[in-house]
Structure formats: structure tokens, C-alpha cells
Amino acid sequence: MNFYSSLIAQCAHTKSVTTLRAVHSHIIKSGSSYLLLGHKLIHGYIKCGCLADARNLFDEMPKRHIVTWNSMISSHVNHGKSKEAVELHSSMLVEGVLPDAYTFSAIFKAFSEMGLLCSGQRAHGLAVVLGLEVLDGFVATAIVGMYAKFGKMKDARFVFDRVLDKDVVLCTALIVGYAQHGLDRLALEVYKGMVDRGIKPNEYTLASILISCGNLVDLVNGQLIHSLVIKSGLESVVASQTSLLTMYSRCSMVEDSIKVFNQLAFASQVTWTSFIVGLVQNGREEVAVSIFREMIRCSVSPNPFTLSSVLQACSSLAMLELGEQIHAINVKIGVDGNKYAGAALINLYGKCGNVDKARSVFDVLTDLDVVSINSMIYAFAQNGFGCEALQLFERMKKLGHQPNGVTFISILLACNNAGLVEEGCQIFSSIRNNHNIELTREHFACMIDLLGRSRRLEEAAMLIEEVRNPDVVLWRTLLNACRIHGEVKMAEKIMRKVLELAPEDGGTHILLTNLYASAGKWKHVIEMKSTIRDLKLRKNPAMSWVDVDRKIHTFMAGDLSHPNAQEILEMLHELIEKVKTLGYNPDTTFVLQDLDEEKKMSSLSYHSEKLAIAFALWKTGGRTTSIRIFKNLRVCGDCHSWIKLVSLLTGREIIARDAKRFHHFKGGHCSCKDYW
DNA sequence: GTAGGGTTAG
């Protein structure tokens, strides 16, 4: 018997499973009783990490000791098998074995991981009855940790306060709970209390309290803790360094977080990620991208946190190509079902006009939530896919996800961009009846735009009256609607309002100038232009750019300085003549200058988007099926009808992003259905 | 013969 015992102990120590299994079968053959050796074998299997072997043997045991129950439960919790741990715990109670302090210290974590609050509360009750709740520090910590995970901080605090012999681990558990639920002042208070009582914080405590300092943008305390980290000799501990980085970047001290990162001896996956996250949050996207590349070079694999963050950077920088590479990484490391990385990818593809790709990312997400669904609705909305947005909106409700304020902004934008006026009105009134959603300025802006553009100007104006302190953006939205419908009188009235709010706003002056110009009121145009000059307001020059063979080519209206200007002009004139045979008739009302008809015509021909498209068609020959152009202002009506015909003529898909939205031109039609 | 706490996200 002793011989077997020492053999098992040796196997457990060296973690040699094969030998352990051999010893196990030897014991069976020898006919020895399991009563004593079985427990030893189970512990051996657990030490080797073979929970399945341990469980099989455990189930065969005629009598099971509390120590073995505890080991079985805690090892399952530690291996992320909380479901099995909870089941074991129930069978233990059914067999009439009372839990002890060891059982409790393990089982509460399993309850919180399984989201079983009621079971946790029942177990807490039992711990009270057995007198183990606050007398044993381990048990108290486990209970505090469980309530903290459920966000029940009052319950956590209630248990904490009654523990007489508090130690650093118990205090840290409470601090972490507060920090993770935004109760950072309470976290600091507990921290101060523990220090006053002479309990020395360790790396776990400092890592958490730094996060609270960051959340509070409390640089003073943050720096104080930083010096404590150094004094305690914890500089080489990764977690405290990670928290330091995060603290500095939340306090907008990017340079300090870069300094911490550069001084690190070792960076874990989480450290790299935290650094990248901080850089993106502080608008340092380029640096974030280069750090990400370095992380990959150092063979540190990214996780969904990293990927979603660097994808955000790609979105801001419109780096579609890098985004596509990251998409490939998502698939490769098997996180393409992750909602965080997925939502970031959907945002990127949506922003770059690739709705099909956004949709294919969305379709493989495993765990949908409101935010990831919102991303997809927004991608549809941005690109004028109104019906698809509405369908998804219906589906989300059927799946039991409550739409939030962002959902409604996206869905109203979808209605707006697709000209779905009635649907938009219906949804808007449904938000009014839904008391869970607070109507914001953005909802009103969308609705005013929708009504205004469909010529329901009075209704739009009434809506503005409902907004408390309406801002320039709202008035300007209405002003733009007046411009579209040539409502000069109303526009002048609104103009006065706008100039009260923002007397030197350039955009407003330009809007009114354009309105006068399209109504042919050239006298007023001249007056406005001199006002604009006096105010030193400059209109942004119209500009388009196109990415051909990974190089960006920029075009300004009438600007023929491109090295290939000759070829571009030839292509442009050829296109114009060809689309004329398809019915294109240059519409000079879009020329906002008082020129004669012929000059107007040539000014129209050299709009920046026409130049960019002509260039892309010439440069790519027949190589690509789609062309993507970007414009800083809105695409004009003449160019819009011209591009539609060019898409028909050349059989290419032309995707244009203007200042407001996407236009997908294909086979002579545009996704905006001529409503924008 | 067993046990408790940490850092990254729209």
C-alpha cells in the first residue's frame, strides 16, 4: 500500500500521466481496495490536469471524502469548467455532505461564471448558517468576489464590512469590484482605508487601483501609485505596468504611457493590447498601427481586444487594405465570430462602402448584441440600403434585443438616405411612445433632414421648435432643405436664426449663396460673396480622390495639373460624348457661377469627380470591376446622372463616398435611388 | 490532503 502511495505521489509531482495510468491499472489487477488509494489517485490525476480520469474514478468510488469533493470542485473551476463544478456541488449536497470553508472558497466563482446569482445567494445563506461567512477570510473573499461580478456592490460591501480580520486579498477583491463598476471613488476610499490599517498593497491591488485613478482622470493619485510601484519593486510585474499604461492614457498623458511601454522588460499580449487601445483612444492611430505591426513581428498573437482596437484605427485612417489583412487574421486565429472584432470590421467595411463584406462579417458572428447589430444597421444606412436596415431592425426585435438610442439614429438615417419618409415618420413616433429611449438632438436632426428633403418644410420647422436650445446644425439642416427646394423666403428667415447663433459660420453663408445662385439671384450672390470675403470665410475647394494601384490620386475641380492630364481629358471627352448617346444632357443649373452657357458647360465637365473617374477608367483599363472614389463635398446632380450612365456604359461598379454618404452606381442606377 | 484577488473593448 505504501509502495503505491509513494508511486502516485511521484507521478503527481512529475506530472507523468502515463505512469500514473499504469499504476492505476496495476492497483486494479492487484485487487487492492479503492477506499484509501482511490483518493490518492484522484489527486494525482488532478495534479496532472487529467480531470476526465479524475472524474471517472471519482464516480466509481464507494465513499467520497470531503477533501476529494473539494479538490474535484476547485480543479474544475480552475480549468474553466464551472458547469461541472456546479453539478458536483449539487451532488455533494444531495449525498448529504456539508460544504466546508474550502468548498465555499471555490464554488462562488463557479456560480458567478455561470450567472447563477440565486444559487450563489443560497450558498451564501448556507455559509452564514455554518458560521463560515465572515470568520474565514477565504470564504468572505469568494463571496465578495461573486457579488462584485454580479454588480451587487452593496451586498459585497455588507459582507466585507463584517470581516474582522481583513487582509490584502479581501480588500483587493472589493477594490476590483468597485473599479469594474465605475465606483472608482469608493475603490480609492477602500484603498486608503487598507493602507491606514497597515495592510500593505501588492501588485494585484496596485494594478486595480491604477485603473480607478485612470477612470477618475486622477493623475495626482496615479503618479503617487506609480512611485509606490517603483518603491515596492514591482516594476517588472507585467500587470502593474499594464495598468500604469492604461492610467496614463486615460489621463491623456500619451507620452508617459509610451515611456512606460518603452521601459518594459517584457510585454504580454494584454500589455501590447492596452498600449494600442490607449493610442487609438488618444487619436494616435498611426502609432497604434505601427505598434500593432511590431506586436505581430514579435510573434505575440492578437486577441479580439487588440483586433477591434486596431480596426478602429483602420477606420479612422480609412486603411481598407490593412483592415482586410486583419480580417484574414480574425479568420486565421478563429475569432471571426467575435462580436467586438466583428463590429469594428463592419464599421470599417461600412465606412469604405463595401456593404457585402460588412454583411458577410455580420453573418458569421456567433454572439450578437445590440452594439454589433447597430453597426450593421449603420453600415446599411450609410450606404443607402434602407430596406435591408429595416429588415435587420425587425429581426433584432424578434431575437429579443432591445433597440437603443443608437439603433434609432441608424434606422432614421437609413430611412433618410433611402427616402423612406413614411417609415421614418412611423419609427420616429414609435420612439416618442417608447419611454425607455431618450430623444436626442441627433434623432431630431435626422428627422428634420428627412422631412425637409421631402419638402415637408413646415413640419420640419415645427420639429425644431420642440428641441430645447436648437443648435446651428439643426437650423442648417433645414436651411439645406430650403436650398434643395428653392425656398428662398423661408431660407432667409432661418438664416437670421442661424446668424444669431453663429454669426461667423462660413457654412451658412455658403449655403445661402448656393441657394441664391440656383434661384438665379445673382445680385444676392454677389452681396453674399462680399460678406464672405469680409468675414474672411473661405469655401473648401471641391476635391475628389481615387486609390489606383495603392496610390492615392487627388483631383480638384478644373485642375489639369495631373501628369496624365492629356490621357484623362481624352478619356473624359470620349465618355461625355458616349453617354450623350445614352441620353445624358449636361444640367448647368448645378453651376453656381454667373457664366455664359458654354462656360458653364465646360466648368461642369471638369468637376473633380468626373476627372477622378476618367483617370481611374483610363489607368485600370479592363482590370477591375469596381472603382472607388471619394469626394470632400456632396456629389452634384449633374455628375450623379453622368456617373449612372458611365456605370451602364462601362459595365463597372462605381462606388462614391461623398461628404454625407455612399453612392453605389451600377448598370445605370444608383443605390440612393436619386434621393440624397 | 484542498482555498480567495489583477491588467485590454464598441
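All values reported here derive from a predicted model rather than from experimental measurement.
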Exercise. When all nucleic acid strands are considered with a 4.0 Å heavy-atom cut-off, which category describes S274(A): base, sugar-phosphate, or nothing?
Worked result: sugar-phosphate
Exercise. When all nucleic acid strands are considered with a 4.0 Å heavy-atom cut-off, which category describes V176(A): base, sugar-phosphate, or nothing?
Worked result: sugar-phosphate
Seminar exercise, completed: The salt bridge (charged side-chain N to carboxylate O under 4.0 Å, His left out) partners of R157(A) (sequence neighbours excluded) come to D161(A), E189(A)
Problem set entry | Contact residues, residues 286-315 of chain A to DNA chain B [heavy atom, < 4.0 Å] | N303(A), F305(A), Q312(A)
Exercise. Between atom CG in N70(A) and atom P in dG4(B), what is the gap in whole Å?
Worked result: 11 Å
Exercise. Salt bridge (charged side-chain N to carboxylate O under 4.0 Å, His left out) with E60(A): which residues, sequence neighbours excluded?
Worked result: none
Exercise. If you look at every strand shown and take non-hydrogen atoms under 4.0 Å, does V277(A) touch a base, only sugar-phosphate, or nothing?
Worked result: sugar-phosphate
Seminar exercise, completed: L132(A) CG to dA3(B) P, in whole Å, measures 17 Å
Problem set entry | dG10(B) base / N374(A) side chain donor-acceptor hit below 3.5 Å | no
Exercise. Can you find a donor-acceptor pair, distance only, under 3.5 Å between N347(A) side chain and dG10(B) base?
Worked result: no
For this session: Strictly below 4.0 Å, heavy-atom distances to any atom of DNA chain B: list the hits from residues 256-268 of chain A, or just say none.
Result: none
Exercise. Can you tell me if the side-chain N/O atoms of N78(A) get under 4.0 Å from OP1 or OP2 in dG4(B)?
Worked result: yes
Exercise. Among N262(A), T246(A), L244(A), L245(A), which one satisfies side-chain contact (heavy atoms from CB on, under 4.5 Å) with S257(A)?
Worked result: L245(A)
For this session: Consider only side-chain N and O atoms of D218(A) and N221(A), and report whether a donor and an acceptor are under 3.5 Å apart.
Result: yes
Exercise. Distance check: side-chain N/O of Q281(A) vs OP1/OP2 of dT8(B), anything under 4.0 Å?
Worked result: no
Exercise. Counting only non-hydrogen atoms, which of residues 160-173 of chain A are less than 4.0 Å from DNA chain B?
Worked result: D167(A), V168(A), V169(A), L170(A), T172(A)
For this session: Determine the contact category for V144(A): base if any of its heavy atoms lies under 4.0 Å from a base atom, sugar-phosphate if only primed atoms, P, OP1 or OP2 are that close, otherwise nothing.
Result: nothing
For this session: Could you check which residues of residues 136-143 of chain A get a heavy atom under 4.0 Å from DNA chain B? Sort them by number, please.
Result: D136(A), G137(A), F138(A), T141(A)
